[in-house]
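Quick notes on the structure that follows.
Note that ligands are numbered from 1 as they come in the structure, with each ligand's atoms numbered from 1 the same way. This is a predicted model, so every value here is computed, not measured.
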Amino acid sequence: MSEFKASALAPSNIAFTKYWGRSNAALTLPLNDSISMSLDKLQTHTTVEFSEKFKKDEVHIGDSENPVRNVEGSKRERVIAQLERLRVLAHNSMHAKVVSKNSFPTGVGIASSASAFAALTLAASNALNLHFSPKELSIQTRLAGSGSATRSIFGGFVKWKKSTHSNGSFAMQLENESHWQLQDMVVLVSAQEKKHSSLEGHGAASTSSYLGSRIKELKARNAIVVQAIRDKDIEALGVEIEKDMYSLHCMAMTSAPPILYWQPATVAILHTVTQLRSQGIKAYSTMDAGPNVHIIFEKNSNTETALRNAMQPIPGIQKIIVDGVGKGARVVDNHLF
Ligand code: PMV
């Protein structure tokens, strides 16, 4: 084997029940199980090459609107920390060149760390001839520090298990990508980098007095969500994902210091989705740690048109992207979007 090079593609994902707070920050062990849907078009393609010819590690990142460019600072450091972890496992000390490209514009509020760290871990481990099982790959991805990336290893509908042991906290597929044609309408209300990162939010979670009740109610909620996905029951799923979103944001707003991610447009979208339901449109809102709203609905052009029409008059909406359920992380040819 003369070439230590591999490319991988990994999906972004939207959590139905959210990871919020850690029992162990160094090992990224979550306080609760979380369940997500892997997305189709929102993904990251990453190529990693290890070679004696590189005098230092290089990290190049781009997206659908910006060509790949060399990055420095904390973004580069997080990538290199993951490379380093994998190099130790492979007993390999060669420097690497990482070229990573998102299929979507970065910096508009779509989380890119899930797809980015899943693609990085798969490409780097393959380049180093560390052929992990999908379960082990999800554990190695988790150790990069982005918990949501753990779930991006699998396609379709995915659960990430909590554990107090590193080997016990991994992702697993609940149903594959052809099981249920759900859609995620991502309504972007802010193009600004958020003031409070999810890492900051996880750190502050234990300061909210609602943490205990959230963890308690999540057990029953996760069971309902698993069953709703199995039964393709959009109403049962929708009710729980909205509750979970409000529960996470309630914790963020009541942590020390409080974190308020919502913008006026966020609130207007949440009201509009609720109102549309009273007209028979089965659509439900969820949000990550930011002001953007993800509207979940079963694939249907009438529903999509009704949602788009309802979003149109709301001031402050920057962009709408609709995506479906996608495949998990996989090794691919070296091509860019
Ligand atoms: O993966 P992180 O550390 O960026 O945290 C993700 C946090 C949420 O997006 C709010 C929830 C989740 O489970 O994806």
Provide, line by line, the atom pairs where ligand 1 and the protein bring an N/O atom each to a distance under 3.5 Å; else say none.
residue, atom, partner, partner atom, Å
ligand 1, 1 (O), S146, OG, 3.4
ligand 1, 1 (O), G147, N, 3.2
ligand 1, 1 (O), S148, N, 2.8
ligand 1, 1 (O), S148, OG, 2.6
ligand 1, 3 (O), H202, NE2, 3.2
ligand 1, 4 (O), S198, OG, 2.7
ligand 1, 5 (O), H202, NE2, 2.9
ligand 1, 9 (O), D288, OD1, 3.3
ligand 1, 13 (O), Y19, N, 2.9
ligand 1, 13 (O), R151, NH1, 2.9
ligand 1, 13 (O), R151, NH2, 3.2
ligand 1, 14 (O), R151, NH2, 2.8

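In terms of the side chain to side chain contact (heavy atoms under 4.5 Å, CB included) criterion, residue partners of R230 (sequence neighbours excluded) are, by chain and number, E175, V226, Q227.
Electrostatic pairing of D244 and R214 counts as a salt bridge here, judged by a charged N lying under 4.0 Å from a carboxylate O.
Annotation for F132: atom CZ counts as buried by contact number, over 12 foreign heavy atoms lying within 6.0 Å.
With a 6.0 Å cutoff to the six-membered ring centre and a 45° limit on the axis angle, K135 counts as a cation-pi contact of F170.
With respect to I61, the side chain to side chain contact (heavy atoms under 4.5 Å, CB included) criterion is satisfied by exactly one of V98, V71, T46, T106: V71.
The OH atom of Y284 sits 7.5 Å away from the CD atom of E242 when rounded to the nearest 0.5 Å.
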